[in-house]
2 protein chains.
Amino acid sequence: MIIDMTGLRQKLRERQYKVTPQRQIILQIFLDNQDKHLSAEDIHNIVRDQSNDIGLATVYRTLELLSELEVLQKIDFGDGRSRYEINETSTPHHHHHLICLSCGKVIEFEEDLLENLENSIAQNSNFTIVDHQVKFYGHCQECSLKSEH
Amino acid sequence: MIIDMTGLRQKLRERQYKVTPQRQIILQIFLDNQDKHLSAEDIHNIVRDQSNDIGLATVYRTLELLSELEVLQKIDFGDGRSRYEINETSTPHHHHHLICLSCGKVIEFEEDLLENLENSIAQNSNFTIVDHQVKFYGHCQECSLKSEH
DNA sequence: TTCAATGCAAAAACTTTGCATCCAG
DNA sequence: CTGGATGCAAAGTTTTTGCATTGAA
């Protein structure tokens with residue numbers, strides 16, 4: 001379960017933030033690109049392509065706000081910029097990332113097994129865990145095949 | 001098992017890189033600070049404190065090289081800069097990080113359970129996994145206590 | 001001796017901030 | 001109307017790059 005436009009408006013009002021066109025446009029872009037991991041610049045470009053210009057500073061501020069509202073999740077893939085995707089951590093089905101060290105491609109996978117691990121760590125560490133992020137690094141099938149000559 | 005100075009010299013020679021004082025000084029800093037997650041600036045400051053100045057550009061280039069050699073591992077804790085620690089992924093005992101969302105403190109924990117997960121993912125995804133990185137987000141004991149009023 | 005490595009400064013890349021203007025409530 | 005939101009430009013941070021000089025092999 002991910003948030004929809006109505007949900008966004010509600011969250012914003014609840015916390016006395018204003019429902020602006022910019023904020024809705026940016027959420028819509030994430031809804032239209034759920035398989036992607038968009039950076040601030042990506043968003044800015046997509047908005048421009050829709051001839052719906054939004055200042056880059058506003059894009060950054062909106063991404064930060066939406067992350068704070070837990071509408072988006074910030075991820076780092078080591079490419080020097082922050083990327084975001086729609087948050088679904090409140091769901092039992094987390095998804096995580098396989099990152100190809102050869103071509104940089106990011107593949108998603110679902111898994112639930114980590115819940116157990118989370119519980120056992122919480123018990124042993126006096127740490128209240130609210131979220132986790134897992135990245136696996138390796139080589140995707142294409143790249144593996146290529147390097148076999 | 002982590003690398004030592006002799007191991008570094010060997011790795012460098014193997015790949016025809018030169019064994020320079022700068023590279024050895026930087027590895028030594030990681031050996032002396034195994035519990036820390038050092039950024040380029042941290043390294044630069046530590047070196048200065050030892051009145052052993054190294055140019056910041058060289059620090060960056062060395063961190064990149066040592067990561068490529070798998071002597072170091074690059075980590076991102078979301079604080080806007082890259083951090084590094086000695087790589088021990090070739091060991092059966094990976095360690096991972098608990099990141100406190102309240103105070104930013106990073107706590108380490110050991111675990112082996114992820115090996116199974118890695119295997120099952122590899123089978124289901126045609127992905128050859130060579131490493132993984134796990135981060136748990138939550139609240140440390142201190143911060144949890146504080147917020148209970 | 002020779003070419004990789006270093007140091008410095010300049011540049012690049014990403015993100016944040018100040019401030020005047022705008023507009024959602 | 002009014003204060004929060006936006007846009008723009010300027011500034012801040014982190015990281016990379018060009019080039020002359022140095023030094024490991």
Side-chain angles (χ1 to χ4, degrees), chain A residues 5-6 8-29 37-48 50-69 71-72 74-84 104, chain B residues 5-6 8-29 37-48 50-69 71-72 74-84 104:
Chain A
M5 197 56 75
T6 309
L8 173 65
R9 294 195 191 105
Q10 194 178 322
K11 275 211 177 195
L12 289 173
R13 289 199 195 97
E14 272 170 13
R15 316 208 192 177
Q16 343 260 335
Y17 290 115
K18 292 184 175 167
V19 177
T20 64
Q22 290 87 340
R23 287 169 179 173
Q24 296 178 78
I25 288 169
I26 289 176
L27 174 61
Q28 190 57 53
I29 288 173
H37 310 99
L38 303 171
S39 65
E41 202 193 343
D42 291 339
I43 298 288
H44 194 231
N45 290 336
I46 292 173
V47 172
R48 293 199 95 247
Q50 302 174 348
S51 35
N52 245 331
D53 212 2
I54 300 180
L56 186 54
T58 300
V59 173
Y60 274 104
R61 284 185 283 232
T62 302
L63 292 173
E64 191 188 3
L65 175 66
L66 297 186
S67 298
E68 181 196 318
L69 295 179
V71 167
L72 298 181
K74 191 177 188 174
I75 330 169
D76 172 84
F77 291 127
D79 65 345
R81 73 208 66 189
S82 294
R83 297 185 168 277
Y84 296 81
Chain B
M5 197 57 73
T6 308
L8 173 65
R9 294 195 191 108
Q10 194 178 320
K11 274 211 177 195
L12 289 173
R13 288 199 195 98
E14 271 170 13
R15 315 208 192 177
Q16 342 258 338
Y17 291 115
K18 292 184 178 168
V19 176
T20 65
Q22 289 88 340
R23 289 169 179 172
Q24 296 179 78
I25 288 168
I26 290 177
L27 174 61
Q28 190 58 51
I29 288 173
H37 311 98
L38 303 172
S39 66
E41 202 193 345
D42 291 338
I43 297 289
H44 193 231
N45 290 336
I46 293 173
V47 172
R48 293 198 94 248
Q50 303 174 348
S51 36
N52 246 331
D53 214 2
I54 299 180
L56 187 53
T58 301
V59 172
Y60 275 103
R61 285 185 282 230
T62 303
L63 291 174
E64 192 188 2
L65 175 66
L66 296 186
S67 298
E68 181 196 319
L69 295 180
V71 167
L72 298 181
K74 191 176 185 173
I75 329 168
D76 172 84
F77 291 127
D79 65 345
R81 73 208 67 188
S82 295
R83 296 184 170 277
Y84 296 81

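Just so it is clear: chains get the letters A, B, ... in the order the sequence lines come, proteins before strands, and each one is counted from 1.
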Query raised in the report: With sugar-phosphate meaning primed atoms plus P, OP1 and OP2, does A:Ser39 contact a base, only sugar-phosphate, or nothing at under 4.0 Å between heavy atoms?
Result: nothing
Report summary line: Separation of D:dT14 atom P from B:Phe77 atom CZ, nearest Å, is 16 Å
Query raised in the report: Rounding to a whole Å, what distance do you find between A:Glu41:CD and C:dT16:P?
Result: 15 Å
Query - Out of D:dT16, D:dG7, C:dT6, whichever nucleotide has its closest atom nearest the side chain of B:Tyr60 - result: D:dT16
Query raised in the report: Looking for any heavy atom pair under 4.0 Å, which part of the strands does A:Gln16 touch: base, sugar-phosphate only, or nothing?
Result: nothing
Report task. Measure the distance from CG on A:Leu56 to C1' on D:dA11 and round it to the nearest whole Å. Result -> 15 Å
Query raised in the report: Counting only side-chain N and O atoms of A:Ser82, is one of them less than 4.0 Å from OP1 or OP2 of C:dT15?
Result: yes
**Report entry** Shortest non-hydrogen contact from A:Leu63 toward A:Ser67
**Finding:** O-OG, 2.8 Å
Query - Upstream residue (5' side of DNA chain D) when B:Gln22 and A:Gly55 are each assigned their closest nucleotide - result: A:Gly55
Report task. To the nearest 0.5 Å, tell me how far B:Leu72 CG sits from B:Glu64 CD. Result -> 12.0 Å
**Report entry** Residue whose nearest DNA chain C nucleotide is more 5′ - A:Tyr17 or A:Arg61
**Finding:** A:Arg61
Report summary line: From CG of A:Leu63 across to P of D:dA5 the rounded distance in Å is 15 Å
**Report entry** Gap between atoms CG and C1', on A:Asp79 and D:dT16 respectively (whole Å)
**Finding:** 15 Å
Query raised in the report: Counting side-chain heavy atoms from C-beta on, which of C:dA24, D:dG23, D:dC8 comes nearest to A:Ala57?
Result: D:dC8
Query raised in the report: Do any N or O atoms from the side chain of B:Arg23 and from the backbone of B:Leu8 form a donor-acceptor pair under 3.5 angstrom?
Result: no
Query raised in the report: Closest to the A:Lys18 side chain: D:dA25, C:dG25, C:dT6?
Result: C:dG25
Report task. Can you figure out which of C:dT6, C:dC14, C:dC3 approaches the side chain of B:Arg23 most closely? Result -> C:dT6
Query - Which atom of A:Gln24 lies closest to which atom of A:Val19, heavy atoms considered - result: NE2-CG1, 3.2 Å
Query raised in the report: Do A:Tyr17 and A:Leu69 come close enough that some side-chain heavy atom pair is under 4.5 Å?
Result: yes
Report task. Would you indicate, yes or no, if C:dT6 has its OP1 or OP2 atom less than 4.0 angstrom from a side-chain nitrogen or oxygen of B:Thr20? Result -> yes
Query raised in the report: Over how many whole Å does the gap from B:Arg81 atom CZ to C:dA13 atom P extend?
Result: 21 Å
Report task. Mind calculating the distance between CD (A:Glu68) and P (D:dA5) to the nearest angstrom? Result -> 11 Å
Query raised in the report: Taking atom C1' of C:dA24 as reference, at what distance in whole Å does atom CG of A:Leu12 sit?
Result: 12 Å
